*Asks:* 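First the structure, then my questions, so here it is.
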2 protein chains.
Amino acid sequence: MGAMTTPTREQERASSARDGAEQRERTSSDRTWTIREIADEFGVTHRTVRHYEDLGLISPERRGTTRVYHRRDRTRLNLILRGKRLGFPLEEIRTIIDLYDRPRGKASQLEYVLGQIDERREDLEQRRRDIEDALSELGEFERRCREDLDRLG
Amino acid sequence: MGAMTTPTREQERASSARDGAEQRERTSSDRTWTIREIADEFGVTHRTVRHYEDLGLISPERRGTTRVYHRRDRTRLNLILRGKRLGFPLEEIRTIIDLYDRPRGKASQLEYVLGQIDERREDLEQRRRDIEDALSELGEFERRCREDLDRLG
DNA sequence: TCATTGCTTTACGTTTACGTCAACGTCAAG
DNA sequence: CTTGACGTTGACGTAAACGTAAAGCAATGA
């Protein structure tokens, strides 16, 4: 995780809460967000965020009835959205997230996780090959188009 | 049995389907396939193949009422399935296929096609980045797992 | 001749991933 | 106290991508 996390405006609240006596010093890791803020920032609807919660992909804190989102929820959302861009179904994305989150104390657990990692890797590498193929076909096609264009001009 | 209206092609197809090994007088580019053969070979159902036809992604020849698949249909099916592996919706896949097939005689057409190619390329390169990121995260995660495993052993 | 096999169309069912109300709670401002 | 901005939980709608009968020819095997 963290390889492609978007640098965001977590500084603003962190610095302004520096001298507040009422609130303990809030580091950026303490910041929380509402569902609307999260949805807007990630470019999805609140309905979508709630849908992901229904499927168990995220589980924000509840204060009373209201959802409170923390940094970990943002991390998960990033994973989810990238998974979606890659065309993975949400259920499969959930298994991936669970994989990252699963407690892996015992050796048997770790062996299992390593096996899952290999499966994931196979899948991703197949996709990468598909993309490379598609890109090179696209390049070849472009070359031919430009040839045709040159003959016309 | 009554008089056959168009006996020639129908019988050709029937006999070639019966024993394909003997029918090697035909060059491979002339070979045709039934919907079942195509479906089996590509690992999809005939319903799926017909669905793609409904959406205009393939348009096999018709002999009478029966669908006859040629090499170009197989090429298209390959494009479709790769598109699906990459998570593209079928409608978008159709536009890509149409792009490759579109007659591009005039310069304006070619300009348009080149623009489309760029869009496609952007999309694919975004996906590639996502895959690279996911793969490197996976690698990092694996490294940590192996560390944990070493500490246990 | 009859049954089987394969292809056909029509049409409704299903799953995924949400969208879209509806109806209600809550809290600060006017 | 009412209004309005957000929040909540259902519950139903929908589009994509097929699945799954149902029902019908047409050629072939027994």
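In what follows, chains are A, B, ... by sequence order, proteins preceding strands, each numbered from 1. Hydrogens, waters and symmetry mates are skipped; everything else that's a heavy atom, side chains included, is used. Keep in mind the model is a prediction, meaning the values are calculated, not measured.
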*Asks:* Can you tell whether the side chains of A:Glu92 and A:Arg120 come within less than 4.0 Å, N to carboxylate O?
*Replies:* yes
*Asks:* Could you check if a side-chain atom of B:Tyr100 sits within less than 4.5 angstrom of a side-chain atom of A:Glu137, using non-hydrogen atoms only?
*Replies:* yes
*Asks:* Can you tell me how far CZ of B:Arg76 sits from CD1 of B:Ile96, rounded to the nearest 0.5 angstrom?
*Replies:* 12.5 Å
*Asks:* Specify the separation, in whole Å, of atom CZ of A:Arg63 and atom C1' of C:dC27.
*Replies:* 16 Å
*Asks:* If I take atom CD1 in residue A:Ile38 and atom C1' in nucleotide D:dG7, what distance separates them, rounded to the nearest angstrom?
*Replies:* 15 Å
*Asks:* To check you understand the geometry: which heavy-atom pair defines the closest contact between A:Cys145 and B:Val113, and what is its length?
*Replies:* SG-CG1, 3.7 Å
*Asks:* Would you say A:Tyr52 reaches C:dC18's phosphate, i.e. side-chain N/O to OP1/OP2 under 4.0 Å?
*Replies:* yes
*Asks:* How far does CZ of A:Phe141 sit from CG of B:Leu114, to the nearest 0.5 angstrom?
*Replies:* 8.5 Å
*Asks:* Look at B:Arg85 together with A:Asp133 and state whether they make a salt bridge at an N to O cut-off of under 4.0 Å.
*Replies:* no
*Asks:* Can you name the side chain to side chain contact (heavy atoms under 4.5 Å, CB included) partners of A:Arg36, sequence neighbours left out?
*Replies:* A:Thr34, A:Asp40, A:His46
*Asks:* Tell me, which of residues 40-48 of chain B have any heavy atom that sits under 4.0 Å from an atom in DNA chain C?
*Replies:* B:Arg47
*Asks:* At a heavy-atom distance below 4.0 Å, what parts of residues 76-95 of chain B sit against DNA chain C?
*Replies:* none
*Asks:* Taking only side-chain N and O atoms of A:Arg67, does any of them lie within less than 4.0 angstrom of OP1 or OP2 on D:dG7?
*Replies:* no
*Asks:* Please figure out whether A:Thr65 or A:His51 has its closest DNA chain C nucleotide nearer the 5' end.
*Replies:* A:His51
*Asks:* Is it true that B:Leu55 and B:Ile58 fall in one hydrophobic cluster, defined by side-chain heavy atoms closer than 4.5 Å?
*Replies:* yes
*Asks:* Hey, is the side chain of A:Arg50 poking within less than 4.0 Å of OP1 or OP2 on D:dT9, counting only N and O atoms?
*Replies:* yes
*Asks:* Checking A:Glu119 now: which residues fulfil side chain to side chain contact (heavy atoms under 4.5 Å, CB included) with it, not counting sequence neighbours?
*Replies:* A:Gln116
*Asks:* Side chain of A:Arg71, backbone of A:Arg31: donor and acceptor closer than 3.5 Å?
*Replies:* no
*Asks:* Return the value, rounded to whole Å, for the distance between atom CG of A:Asp54 and atom P of D:dT9.
*Replies:* 8 Å
*Asks:* Might you list the N or O atoms of the protein lying below 3.5 Å from N or O atoms in nucleotides 3-5 of chain D, with each pair's distance?
*Replies:*
none

*Asks:* Given atom CZ of A:Arg36 and atom P of D:dT8, what is their separation to the nearest angstrom?
*Replies:* 9 Å
*Asks:* Going by heavy atoms in the side chains, are B:Arg129 and B:Glu132 under 4.5 Å from each other?
*Replies:* no
*Asks:* Under a single-linkage definition using a 4.5 Å side-chain heavy-atom cutoff for Ile, Leu, Val, Met, Phe, Trp and Tyr, are A:Val49 and A:Val68 assigned to the same hydrophobic cluster?
*Replies:* no
*Asks:* Both conditions, 6.0 Å and 45 degrees, for the charged tip of A:Arg127 above the ring of A:Phe88: are they met here?
*Replies:* yes
*Asks:* Bend across the helix from C:dT1-D:dA30 to C:dG30-D:dC1, to 10°, with axes taken over 5 pairs at each end?
*Replies:* 20°
